[in-house]
Participant: 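One structure coming up, written as structure tokens, with questions to follow.
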Amino acid sequence: MTTDETWWKSAVVYQVYPRSFADSDGDGVGDLRGILEHLDHIANLGIDVVWLSPVYQSPQDDNGYDISDYQAVDPVFGSLDDLDELIREVHARGMKLIMDLVVNHTSDEHPWFTESRRDRDNAKADWYIWRDARPGTVPGEPDSEPNNWRSLFSGSAWQWDAGRGQYYLHLFSKKQPDLNWENPDVRSAIYQMMNWWLDRGIDGFRMDVINFISKDPALPDGEMTRSGYGDGMPHFSYGPRVHDFLAEMKQRVFETRRGSYLTVGEMPGVTPEQAREFTDRERGQLNMVFHFEHVGLDQEGDKWTLRKFTVSDLRDTLGRWQKELGEGGWNSLYWNNHDQPRVVSRFGNDTTYWYQSATALATLLHLHRGTPYVYQGEELGMTNVPFQEIGDFRDIESLNYYATAINDLGADSSAVLGALRRKSRDNARTPMQWTDQPGAGFSDATPWIPVNPNHTWLNAASQTADPSSVYGFYRALIDLRHTQPVVVDGDFTLLAPVPEHLYAFRRVLGDQWLEVYANLSDDPMKIDVSGHADAELQLCNYPASERDPVQLAPWEARVYAGASVRTFRG
Ligand code: TEU
């Protein structure tokens, strides 16, 4: 238990997606004992906090984000004893453990829902969001849904339940019914469960789509989209009671305890102004939130419609978030997680400048103000996956989208596959690449999703002992955060005007300063760093022999500060 209230400001978090991390028992699926075996890989990177994606009991319709028992471990991942051991071993290495809190919805196999769907009078009848068919329609027939909202996993967000004779709302899959947070009993049950986990020794929560818990009670139709359904986001992503609910949670869970925990809310669609309210030091309810603006820059409307990404958009977006949350609020910083394609393939160059672009993007992210998150494999520069056909994909979001795009909208299958290859969540979910062996050291059995063929050269075994590897570079960046207060607390100013592909900023804390320059392109770029002595160069992803005083090489990143020289690959 920690009592320094803002310990999470200097922390770096590492996300483990248990299904894809390490398989200890040879069933092709990662598990808790697999994580235990590899904890030193995480600790040696300098990580402070491990975030564990869901390991709760689940039918695995959405890989564990559909929970049927919040207080049990799914046998595919191990047992509660294994989890207790993991908590102990994480703590023994001086790290903390946070878990996923998925309480916008449960699984349809959760006993709460089984009871709720039985009839309209049972004790849990009102625990989910049930509505009658649209007046004047035939219940259960197409277009009779209570409103036109699209599910984030394609199709209508409503499922007809013949037994109860009503529809239930599911913003995600039909096996993920939305809980009714308006009901105080639902909220109490959730707070009780959260306290149970904190009593067990965990150090906080990553809260799944936590800005979706309050819906506009009128559930109005949304604006029509190309999908043939309406966009309900404006009616559920920042509902009228979201602040009340989170304030109550803070009061009934976190404020009843002596420790200081990490709380991070995942919030699709959140604006910087809203995020500031959520994370305000005095009045806010959470330490930080995950926003989605920068990971929406390569799409137009929905995630499958691609749009050209530009460095100036990235600068404007992240710069605005830095400014808005500069005083009073706090940012979380991420390129990757289990829902996003790999950053080196997405915003970098995963062929010619693989090492350089992976490390340049890492430099930018880790030296912004906020708490950085590393997603498993990102510290090795893991890339997107050369998926060949629809049979290579596993993710429900990808499979549903493929089926509806082709069957309902008559899209061309090769175009749909092209979009999936770029944006599918499965890019992040192929097995962690430990070795160059056939199962990538992930599993001796056939893995639940194939390993990326590039594990033959891109793997942990070849990197962890090498300071000039991507892993070595991440270590150096994390070390910089832990040794230089300006990285944690310094204020942030974008350097402008700059050429289109240059991302440069300055951090200042008292008389300490730090300047970061990154060339996010395949071409060399002239820069003026004549004001800086060589002695001020703290970190660079090119060796000294290749460094030009007046120009940056492709994807070169330099960090200047007032301390001694540290060179990588040099
Ligand atoms: O994700 C919420 C979310 O809105 C997106 O990140 C989601 O992946 C979207 O479909 C992307 O197009 C969270 C979890 O991170 C995700 O894994 C779950 O599938 C989802 O909630 C439902 O629990």
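Both ligands and their constituent atoms are indexed starting at 1 by order of listing.
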Participant: Within the 3.5 Å criterion, strictly below it, is a donor on W181 or N104 matched to an acceptor on the partner's side chain?
Facilitator: no
Participant: Looking at atom 5 (C) of ligand 1, what's its closest protein heavy atom, distance included?
Facilitator: D339 OD2, 4.0 Å
Participant: Can the ring centroids of H294 and Y334 be said to lie less than 6.0 angstrom from one another?
Facilitator: yes
Participant: Could you list which atoms of ligand 1 come closer than 4.0 Å to a heavy atom of E266?
Facilitator: 1 (O), 2 (C), 3 (C), 6 (O), 13 (C), 15 (O)
Participant: Contact between Y401 and E397 at the side-chain level, heavy atoms closer than 4.5 Å - yes or no?
Facilitator: no
Participant: Of the protein's non-hydrogen atoms, which lies at the shortest distance from atom 9 (C) of ligand 1, and what is that distance?
Facilitator: E397 OE2, 3.5 Å
Participant: Does a donor on one side chain sit under 3.5 Å from an acceptor on the other, for Y56 and D100?
Facilitator: no
Participant: For P268, take its heavy atoms, then give the atoms of ligand 1 lying under 4.0 Å from any of them.
Facilitator: 4 (O)
Participant: Please list, in number order, the atoms of ligand 1 under 4.0 Å from a heavy atom of H105.
Facilitator: 22 (C), 23 (O)
Participant: Could you check atom 7 (C) of ligand 1 against the protein and tell me its nearest heavy-atom contact, residue, atom and distance included?
Facilitator: R425 NH1, 3.7 Å
Participant: Which ligand 1 atoms are under 4.0 Å away from a heavy-atom of R429?
Facilitator: 17 (O)
Participant: Flag this pair as yes if the NZ/CZ of K96 is under 6.0 angstrom from the six-membered ring centre of W8 and inside a 45 degree cone about the axis; otherwise no.
Facilitator: no
Participant: I'd like to check which ligand 1 atoms, numbered from 1 as shown, lie under 4.0 Å from a non-hydrogen atom of F153.
Facilitator: 10 (O), 19 (O)
Participant: Starting from atom 20 (C) of ligand 1, find the nearest protein heavy-atom neighbour and note its residue, name and distance.
Facilitator: F172 CE2, 3.7 Å
Participant: Is K9 close enough and on-axis enough to W330, meaning under 6.0 Å and within 45°, for cation-pi?
Facilitator: yes
Participant: Do N349 and S357 have side-chain atoms, one donor and one acceptor, less than 3.5 Å apart?
Facilitator: no
Participant: How does Q340 reach ligand 1, by side chain, by backbone, by both or by neither, if only non-hydrogen atoms under 4.0 Å count?
Facilitator: neither
Participant: Of the protein's non-hydrogen atoms, which lies at the shortest distance from atom 14 (C) of ligand 1, and what is that distance?
Facilitator: D208 OD1, 3.0 Å
Participant: Any non-hydrogen side-chain atom of I190 less than 4.5 Å from a side-chain atom of V253?
Facilitator: no
Participant: Considering the heavy atoms of L152, write down every atom of ligand 1 situated less than 4.0 Å from one of them.
Facilitator: 4 (O)
Participant: When P177 is tested against each of W112, W130, W127, F113 for side-chain contact (heavy atoms from CB on, under 4.5 Å), which residue passes?
Facilitator: F113
Participant: Which of the numbered atoms in ligand 1 are under 4.0 angstrom from any heavy atom belonging to F292?
Facilitator: 6 (O)
Participant: Take every heavy atom of M267, measure it against each atom of ligand 1, and state whether any distance is under 4.0 Å.
Facilitator: no
Participant: For atom 19 (O) of ligand 1, which protein heavy atom lies nearest, and how many Å away is it?
Facilitator: D62 OD2, 2.5 Å
Participant: With distance as the sole test, does D23 use its side chain to make a donor-acceptor pair with the main-chain N or O of F442 at under 3.5 Å?
Facilitator: no
